[in-house]
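Written below as structure tokens is the structure these notes are about.
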Amino acid sequence: MATKASRASARLMISPAVILLLGWMIIPLSMTLYFSFLRYNLLQPGPTPFVGWENYYWFFTDPSFSAAMINTLVLVGGVLTITTVGGICFALLLDRPMFGQGIIRIMVIAPFFVMPTVSGLVWKNMFMNPVNGIFGRIATSLGFQPVDFFGQIPMASIILIVSWMWLPFATLILLTALQSLDQEQLEAAEMDGANWRNRFWFIMLPHMARAITVVILIQTIFLLSIFAEILVTTNGGPGVATTNLTYLIYVSSLLQFDVGIGSAGGVVAIILANIVALFLMRMIGKNLDA
Amino acid sequence: MARAVPTRTKWFNTATAGTLGFLMFFPILWILILSFKTEEDAIRAPLEVLFASDWTTQSYGAVQERSDYFKHFMNSVTISVGSTLLGLIIAIPAAWAMAFVPAKRTKDVLMWMLSTKMLPPVGVLIPIYLIFRDFGLLDTRVGLTFVLMMINLPIIIWMLYTYFKEIPGEILEAARMDGATLREEVIYVLTPMAIPGMASTVLLNIILAWNEAFWSLQLTSSDAAPLTQFIASYSSPEGLFYAKLSAASIMAIAPILIMGWFSQKQLVRGLTFGAVK
């Protein structure tokens with residue numbers, strides 16, 4: 001039973017966290033919103049007049065914006081497809097009886113713990129470099145022309161790198177979900193004559209459905225903000241071929257020092273992420289009641 | 001009842017999964033190998049690297065000489081451990097209160113805290129950057145520690161909350177009936193039961209803070225640069241650098257790889273905010 005006194009002390013204990021998070025959210029957010037209506041460039045000292053929607057207008061009509069939006073969609077969609085489908089396959093495989101399961105699982109999960117700058121640079125140099133990279137060496141020794149990954153297929157290369165880092169995440173969560181499936185249910189289905197395909201389609205997949213949704217939503221939140229992998233491999237190039245929304249905003253705010261346009265972009269990014277977040281929050285909220 | 005599985009099936013599964021696992025792990029294994037080669041050997045054909053060259057540890061020394069690796073390593077340790085401990089100090093009372101003295105709006109508060117985590121960092125990049133510039137916090141460990149604490153605080157609170165929730169409330173009531181004060185209740189009853197959950201929270205958050213690469217790349221340059229930023233300095237090539245890059249990478253990921261393997265299960269809970277257990 002919670003007494004009045006314990007209620008009061010509970011409120012006191014929550015308040016530091018609430019105040020900090022509130023400040024962390026409201027102060028920068030309102031600043032971003034405010035800046036997005038100013039003509040404000042760090043390289044041009046002087047007044048920063050209010051210009052209404054001008055920054056949004058410039059941001060949306062900038063040809064790199066539509067490119068960045070498409071790139072963001074391709075990057076998020078590509079990685080999501082690879083990691084979800086691959087994650088389901090890996091989880092199903094790892095759930096089967098085998099020798100040395102622990103070691104194999106550790107090997108599959110390992111890439112998730114590699115920091116983004118390391119995976120970007122290692123893939124770029126040791127694997128995708130057309131002369132010294134392993135892929136290039138293999139192609140040359142088989143008599144093919146080596147692929148210049150970041151010149152010819154820059155976006156696909158980034159998708160490959162990011163998928164390598166996130167496939168373990170999907171695998172780990174889907175495997176956890178799969179292992180909570182009641183084995184007797186599967187055996188009963190098998191005795192009733194359900195073949196593997198039916199068991200997968202009608203028992204395992206529905207059981208994993210919730211975990212799959214969670215994987216997709218959480219990854220989307222993180223993938224919308226992919227930054228380091230692009231910075232160390234392509235710098236958003238060639239041209240704007242690998243510039244996603246996050247990178248574009250970084251370029252306009254910290255490389256071109258245009259606070260106004262960068263902030264307008266920031267507001268767009270926040271709105272985008274919130275659409276995804278809304279669905280994710282609903283899923284998690286449901287679980288909280290249970 | 002688990003059924004007997006034919007050994008042949010088991011071997012087949014092992015071979016398939018083993019091959020895939022090996023492929024996933026191969027990039028890490030490969031930089032481990034390259035890190036023990038000379039720069040000249042590291043760019044040879046893969047088979048020559050493996051079978052026709054000597055092993056050496058000189059790259060590890062070279063990394064330290066090139067740009068004071070140890071300083072950046074200590075920055076990473078300070079920032080990730082510091083931000084986690086600071087976060088813990090703020091999160092424990094909050095999570096405790098919400099788990100054991102739930103009020104009508106507790107759920108809303110929890111969901112709201114989670115929503116701050118959904119904020120894309122790039123949306124607040126400019127204000128944070130300008131505030132840091134004006135307060136002289138750019139490229140300081142204090143500044144980055146604070147930012148990482150803030151972005152991980154919702155996860156810490158959530159994880160602790162789900163762990164605290166699993167502690168039966170009756171035990172606390174019994175302690176209260178025996179006359180324990182709030183302080184005694186926390187120190188003697190709650191803490192011992194909560195330690196495993198807190199340990200995995202700490203582990204996961206150190207991992208997340210160690211690998212965080214957006215804010216550490218934006219807000220630090222040299223003095224306070226953690227390993228993510230240090231490794232990024234290899235993105236502008238300078239002669240032969242494969243062996244050095246490999247050695248630096250191995251040293252940067254090894255501690256986290258080991259911690260990560262120990263916290264696999266907790267990882268799921270922490271990263272899905274309790275939605276998958």
Side-chain angles (χ1 to χ4, degrees), chain A residues 2 6-7 10 13-14 16-17 21 24-25 28 31-32 35 93-94 96-99 104 106-111 113-118 121-122 125-126 132 134 137 172-173 176-177 211 214 221 224-225 227-228 232 246 249 253 259 262-263 266 269-270 273 277 281 283-285 287-288, chain B residues 5 10 13-14 16-18 21-22 24-25 27-28 30-31 43 45-46 90-91 93-94 96-98 101 107 111 113 115-116 118 120-128 150 153 157 182 211 213-214 217 228 231-232 234-235 242 245 249 252-253 256-257 260-261 264 268 272-276:
Chain A
S6 67
R7 278 268 153 78
M13 290 196 280
I14 303 176
L21 281 172
W24 172 251
M25 198 163 89
M31 283 171 80
T32 303
F35 288 153
L93 190 63
L94 286 174
R96 319 199 77 184
M98 66 181 72
F99 300 107
I104 294 174
I106 279 176
M107 292 201 296
V108 172
I109 291 169
F113 301 112
V114 177
M115 55 177 66
T117 43
V118 167
L121 284 178
V122 166
N125 292 302
M126 280 72 155
N132 294 325
I134 287 191
R137 295 274 191 190
L172 191 63
I173 285 171
T176 311
V214 170
I221 299 271
L224 283 173
S225 307
F227 174 75
V232 298
T246 303
I249 298 169
S253 37
V259 172
S263 298
I270 291 170
M281 302 277 286
M283 296 272 311
I284 295 169
N287 196 56
L288 208 57
Chain B
V5 179
K10 251 181 136 174
N13 291 342
T14 311
T16 323
F22 180 76
M24 285 296 284
F25 189 68
I28 299 172
W30 189 244
I31 53 174
I43 57 162
I90 294 161
W96 185 90
M98 286 192 280
V101 197
K107 196 191 144 184
M111 294 307 289
M113 285 179 170
S115 75
T116 63
M118 314 284 167
V122 78
V124 293
L125 169 63
I126 293 173
I128 299 290
M150 288 313 297
L153 190 58
I157 295 179
L182 184 68
N211 285 346
F214 183 80
L217 290 177
T228 38
I231 298 285
Y234 281 92
S235 59
Y242 279 21
L245 172 60
S249 300
I253 63 176
I256 287 312
L257 213 51
W261 285 335
Q264 287 175 43
V268 174
T272 62
F273 304 99
V276 174

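Computed over heavy atoms, backbone and side chain alike; hydrogens, waters and symmetry mates excluded. Note on naming: letters A, B, ... go to the chains in the order of the sequence lines (proteins, then strands), and numbering restarts at 1 for each one.
Contact of B:I31 with chain A is made through the side chain alone, with heavy-atom distances under 4.5 Å. For B:L257, the parts lying under 4.5 angstrom from a heavy atom of chain A are both the backbone and the side chain. Both the backbone and the side chain of B:I256 have a heavy atom closer than 4.5 Å to some heavy atom of chain A. The contact between B:L153 and chain A is made entirely by side chain atoms (from C-beta outward), counting heavy-atom distances below 4.5 Å. Of the atoms belonging to B:A232, heavy atoms from both backbone and side chain fall under 4.5 Å from chain A. In this structure, the portion of B:W30 lying under 4.5 Å from any heavy atom of chain A is its side chain and not its backbone.
Shortest non-hydrogen contact noted between A:P28 and B:P127 is O-CG, 3.3 Å. Across every non-hydrogen atom of A:M126 and B:Y242, the tightest pair is CE-O, 3.5 Å. Shown here for B:G21 and A:M107, the closest heavy-atom pair between the two residues is O-CB, 3.7 Å. Contact record, B:K10 with A:F99: CB-CE1, 3.8 Å, taken as the closest heavy-atom pair. Nearest heavy atom pair, residue B:P120 against residue A:I270, reads CG-CA, 3.6 Å. For B:A213 against A:F227, the heavy-atom pair with the smallest separation is O-CD2, 4.5 Å.
In terms of the side-chain contact (heavy atoms from CB on, under 4.5 Å) criterion, residue partners of B:P93 (sequence neighbours excluded) are, by chain and number, A:M13. By the side-chain contact (heavy atoms from CB on, under 4.5 Å) test, A:L93 pairs with B:T16, B:A17, B:L20, sequence neighbours left out.
Options B:A97, B:P27, B:P46 differ in how many heavy-atom pairs under 4.5 Å they form with chain A, and the most are formed by B:P27. Between chain B and the residues A:T32, A:V232, A:L21, A:N132, the largest count of heavy-atom pairs under 4.5 Å involves A:L21. By number of non-hydrogen pairs under 4.5 angstrom with chain B, the leading residue of A:V108, A:I249, A:I173 is A:I173. Highest contact tally toward chain A, considering only B:I128, B:I126, B:I90, is held by B:I126 [criterion: heavy-atom pairs under 4.5 Å]. Of the listed residues (A:G262, A:P16, A:P97), the greatest number of heavy-atom pairs within a distance under 4.5 Å of chain B belongs to A:P97. Between chain B and the residues A:I221, A:I109, A:I134, the most heavy-atom pairs under 4.5 angstrom are made by A:I134.
Here A:R96 contributes atom CZ and B:T14 contributes atom OG1; the two are 11.0 Å apart, rounded to the nearest 0.5 Å. How far CG of A:L224 is from CE of B:M118: 12.0 Å, rounded to the nearest 0.5 Å. Note that CZ of A:F113 is 11.5 Å distant from CD1 of B:I253, once rounded to the nearest 0.5 Å. For the atom pair A:T246 OG1 and B:F214 CZ, the distance stands at 6.5 Å (nearest 0.5 Å).
Each of A:V122, A:L121, A:T117 was evaluated against B:S249; a single residue qualifies, A:V122, per the side chain to side chain contact (heavy atoms under 4.5 Å, CB included) test.
Using a distance-only test at 3.5 Å, with no hydrogens or angles considered, no donor-acceptor pair links the side chain of B:T116 to the main chain of A:M25.
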